[in-house]
Amino acid sequence: ARLHREDPGYYTEPRDHTKVAIHGRTSEAPALCGGRVCAFVGPREGSQQLYGYRMRSKQSARLLELCDLEAPKPPYEYATHGVWLELPNWVHRRLADRGHSVARGGLHALEHALISLAPLVAECDAADLGCQCTRRPGDEHAGRLLLFERKRGGVGLARQLLGALEPLLAAAQERIEGCGCAHGCP
């Protein structure tokens, strides 16, 4: 076989599905939002399965193609810790009254905003944290805002975040409300 250098004009990103199983609660935050939202920390089991990849343009990052693997890879499973918010019905109603919803990516986008801002309130790098990413029918925790430690066994970040959720949520709200993108961030 001979190799030669070539620039195809694109790069690839993995497409995967993360499943989460929460195994109890070890801590509970003082109620947030004036006592109307509950937050918890606890052990969780996760699995991540690679099923394909995206091809994106190097120049614009525009999606060129979605590709599926011929045979999805076996899931990578590990135990760690997570922090999550139980979103009460009043949150969903308030969003609906304003023409918004946590469905169709809204909750996932908020999770990513929190992950990117987590280093402001905890000793971590954003890459140390993950979220559920996709919410499919049958996902037990599809309606929860859930962040988890990517390190097998956890290193205490979930507990740090539990104690700093108020300022983290405030920072995310400020960032989102101050965003100048007309139709969401690219």
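Side-chain atoms of E149 come within 3.5 Å of backbone N or O of L157 as a donor-acceptor pair. Although no hydrogens or angles enter the test, the distance criterion places no donor-acceptor pair under 3.5 Å between the side chain of T80 and the main chain of R150.
With rounding to the nearest 0.5 angstrom, the CG atom of L147 is 9.5 Å from the NE2 atom of H112. Atom OG1 in T26 sits 5.5 Å away from atom NE2 in H81 (nearest 0.5 Å). R25 contributes atom CZ, which lies 6.5 Å from atom CH2 of W84 (distance to the nearest 0.5 angstrom). To the nearest 0.5 Å, the span separating OG on S47 from CG on D16 amounts to 10.0 Å. Separating the CG atom in L161 from the CG atom in L114 is a distance of 9.0 Å, to the nearest 0.5 Å. Taking CG of L117 as the reference point, atom CD of E174 lies at 9.5 Å (rounded to 0.5 Å).
For residues 119-128, the set of pairs meeting the salt bridge (Lys or Arg N to Asp or Glu O under 4.0 Å) definition, not counting sequence neighbours, is empty.
Closest heavy-atom contact between A113 and I176: CB-CD1, 4.3 Å. The heavy-atom pair separating M55 from T12 by the smallest distance is CG-CG2, 4.2 Å. Taking each heavy atom of H17 and Y51 in turn, the nearest pair found is N-CE2, 3.8 Å. A126 approaches S116 most closely through the heavy-atom pair CB-CA, 4.2 Å. Nearest heavy-atom pair, R44 versus G82, reported as atom, atom and distance to 0.1 Å: CG-N, 4.0 Å. Between R56 and A61, the shortest heavy-atom contact is NH1-O, 2.9 Å.
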Given R15 and D68, is the side-chain contact (heavy atoms from CB on, under 4.5 Å) satisfied, shown in steps? CA-CA 8 Å; R15 295 171 60 206; D68 292 324; 3.1 Å; yes

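Residues L50 and Y78 do not share a hydrophobic cluster, defined by chaining ILVMFWY side chains whose heavy atoms lie under 4.5 Å apart. No single ILVMFWY cluster, assembled from side-chain heavy atoms under 4.5 Å apart, contains both Y76 and Y53. Hydrophobic clustering of Ile, Leu, Val, Met, Phe, Trp and Tyr side chains at less than 4.5 Å, counting indirect connections, keeps Y11 apart from L69.
Under the rule for a side-chain hydrogen bond (donor to acceptor under 3.5 Å, both in side chains), the partners of R54 that lie at least two apart in sequence or sit in another chain are E13.
At least one side-chain heavy atom of R144 sits under 4.5 Å from a side-chain heavy atom of I22.
Through direct or indirect side-chain contacts shorter than 4.5 Å among Ile, Leu, Val, Met, Phe, Trp and Tyr, L66 is connected to L63.
Residue C131 is tested with I115, T18, L146 for a side chain to side chain contact (heavy atoms under 4.5 Å, CB included); the sole match is I115.
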